[in-house]
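Below is one structure; the comments refer to it alone.
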Amino acid sequence: MGLIFDLIIGLSLAGVAWRIVRVREHFQAIVLFITFGLLLSLAWTRLKSPDIAIAEAAVGAGLAGVLLMDALGTLSSTRNQPLPGRFLQLFIPCLFLAGLMAYTILFIPADFQGLGPMVSEALPDTHLEYPVTAVLLDFRGYDTWLELGVLLVAVLGVLCVRQAGTIKGSMLPAPAEPVGRWIIKLLLPLMVLIGGYLLWLGAFAPGGAFQAGVVLASGGVMLWQAGHPSLALLHHVWWKILMISGFVFFLILASSSLLYNQQFMTHPEAKMWILGVEYAATLSIAICLISLVLASPARNQGDQRARKTES
Amino acid sequence: MNTFFLGMALFLVLNILAGLWRVLKGPKQADRMVAAQLFGTTGVASLLLLAQALESPFIRNAALLFALLTVMAVLAFVRNTSYGVVEDNNDEHL
């Protein structure tokens, strides 16, 4: 039964991905992309990775849909069919890369246990209870730190495209229909609650900074959709400080370990510091993601059109 | 019992695949959006079943997030269509 389930999930993932690439209508591609996220979440569940399943659920169901739906405003609603020659040019390198990745499987020793035993061996040193959090924030802290940097660069990129210094001036009118207003009122407190719950959970179970940050960001975006300025209420200095807080806190912690005559990124008093980094990272992930949505250029066009129809 | 839960989850996934027909055919964009919402609900149920089948209770949190967040895309959709940003090619009388 498990094999049938996995096969069907795998095949439908490939099929939906194929359709997303090939379909000419952008809206259909967006809906399929949301579906793809759901199927991917089911796949991660089957691979016994609840952390990634939760992250995929948060991103795929919440923010990706909103971002893509807003981006649709600046694009034409259909795209041209790619030339057959172009298709082959892309298909052969992709096939080559896929073959190369499949080839690496041959080099995995038969008795390979994965990195799990190594992690659980080193886990007591971090004073953390949950191995995934220990890997993300301690053993592979460098990766997580640079990922926070990637988010910052993404926000900078959007602001550059928009030629704006802040995310101010992005107010939306309140939803005209009562259902929208009602659902926002109902869900917003729950999002804040569940964001906090996931962050708290991250210390000892699947959850953590990224998942919590995405849920909090969804709350902020929802507030914005309700016609509230949301994040734009913050003074722009505070906005910048909070946005870089995760990255900077990580950096301070990483360099402070040099004072102890140790290597870069070894933490003294590991657990307290790691949880501190996690909280700061949650905050700046949430703020970066809200800024990404609020600063997306599509909305400006929408505002202009709305103004046009009003006048 | 676990096989039963997995079988039920499989049935729900097959339901999602059947629903994909509506996404592919449309004809209206609203039809596609409603199908995506249906997938969200079905996904919540199948994640809950999988949490039971694989005896991994934290998968329920993924289901919780789907239940909480799927509505965001609809809100964006309604906002954009009422602004006239999403151009609806396929139907003249909405």
Side-chain angles (χ1 to χ4, degrees), chain A residues 1-2 4-5 8-9 12 16 19 25 27-28 30-32 34-35 38-39 41-42 45-46 48 50 53-54 56-58 61-63 65-66 69-70 72-73 77-78 172 175-177 180 183-184 187 190-191 194 198 201 205-207 211 215 218 221-222 225 298 301-303 305-306 309, chain B residues 2-4 6-7 9-10 12-14 16-17 19-20 22-24 26 29 32-33 35-37 39-40 42-44 46-47 50-51 53-54 56-90:
Chain A
M1 185 61 87
I4 302 171
F5 190 88
I8 286 179
I9 290 277
S12 44
V16 170
R19 180 78 187 176
E25 211 186 331
F27 187 80
Q28 199 186 124
I30 291 174
V31 172
L32 284 172
I34 296 172
T35 316
L38 173 70
L39 291 172
S41 181
L42 287 171
T45 306
R46 280 292 296 165
K48 298 195 175 105
I54 292 171
E56 185 57 48
L63 286 175
V66 178
M69 212 67 90
D70 278 349
L72 196 59
S77 60
T78 56
L172 286 176
E177 80 286 3
I183 200 120
I184 289 169
L187 288 183
L190 281 175
M191 283 182 181
I194 289 171
L198 283 174
L201 210 59
Q211 290 89 335
V215 176
S218 305
V221 169
M222 198 164 223
Q225 289 190 325
Q301 208 184 47
D303 284 351
R305 288 200 202 181
T309 48
Chain B
N2 285 356
T3 319
F4 170 74
L6 199 60
L10 179 64
L12 288 175
V13 170
L14 290 177
I16 291 180
L17 294 185
L20 273 178
R22 193 38 68 198
V23 178
L24 299 186
Q29 296 196 332
R32 301 201 166 98
M33 200 68 237
Q37 290 303 297
F39 296 163
T42 319
V44 170
S46 50
L47 279 169
L50 279 178
L54 305 173
S56 163
F58 289 107
I59 295 171
R60 290 193 194 117
N61 285 335
L64 179 69
L65 289 190
F66 266 111
L68 190 69
L69 299 177
T70 342
V71 79
M72 300 267 299
V74 181
L75 282 173
F77 172 70
V78 170
R79 175 161 52 83
N80 281 336
T81 36
S82 56
Y83 277 40
V85 173
V86 175
E87 276 151 26
D88 217 331
N89 288 332
N90 298 319

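In what follows, chains carry the letters A, B, and so on, assigned in the order in which the sequence lines appear, proteins first and then strands, with residues in each chain numbered from 1.
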* Structure fact -> Okay, A:L198 and chain B: the region with an atom under 4.5 Å from a heavy atom over there is side chain

* If you count heavy-atom pairs under 4.5 Å with chain A, which of B:L50, B:T70, B:I16, B:T42 comes out on top? -> B:L50

* Test log, rule side-chain contact (heavy atoms from CB on, under 4.5 Å), inputs A:I30 and B:R32 -> CA-CA 10 Å; A:I30 291 174; B:R32 301 201 166 98; over 6 Å; no

* To do: Would you mind listing every side chain to side chain donor-acceptor pair (under 3.5 Å) that reaches into residues 60-69 of chain B, with sequence neighbours excluded?
  => A:Y197-B:N61, B:Q52-B:R60

* For the candidates A:G62, A:G207, A:G65, which exhibits the highest count of non-hydrogen atom pairs separated by less than 4.5 Å from chain B? -> A:G62

* Asked: Given the options A:V16, A:I34, A:T35, A:I9, which has more heavy-atom pairs under 4.5 Å with chain B than any of the others?
  -> A:T35

* Asked: Which bit of B:V13 is near chain A, if near means a heavy-atom gap under 4.5 Å: side chain, backbone, both or neither?
  -> side chain

* Structure fact -> Okay, B:L10 and chain A: the region with an atom under 4.5 Å from a heavy atom over there is both

* Option passing side chain to side chain contact (heavy atoms under 4.5 Å, CB included) with B:L47 (candidates B:L64, B:L65, B:I59) -> B:I59

* **Beyond-backbone contact of A:P206 with A:L201, side-chain heavy atoms, under 4.5 angstrom** => no

* To do: Could you please spell out the steps behind the side-chain contact (heavy atoms from CB on, under 4.5 Å) verdict for A:R19 and B:L20?
  => CA-CA 11 Å; A:R19 180 78 187 176; B:L20 273 178; over 6 Å; no

* Name the region of B:A35, side chain, backbone, both or neither, that has any atom closer than 4.5 Å to a heavy atom of chain A. => neither

* **Listed partners of B:L68 passing side chain to side chain contact (heavy atoms under 4.5 Å, CB included), at least two apart** => A:L187, A:L190, A:M191, A:I194, A:V215

* Structure fact -> Of B:N2, B:L24, B:T3, B:V74, the largest count of non-hydrogen pairs under 4.5 angstrom with chain A goes to B:L24

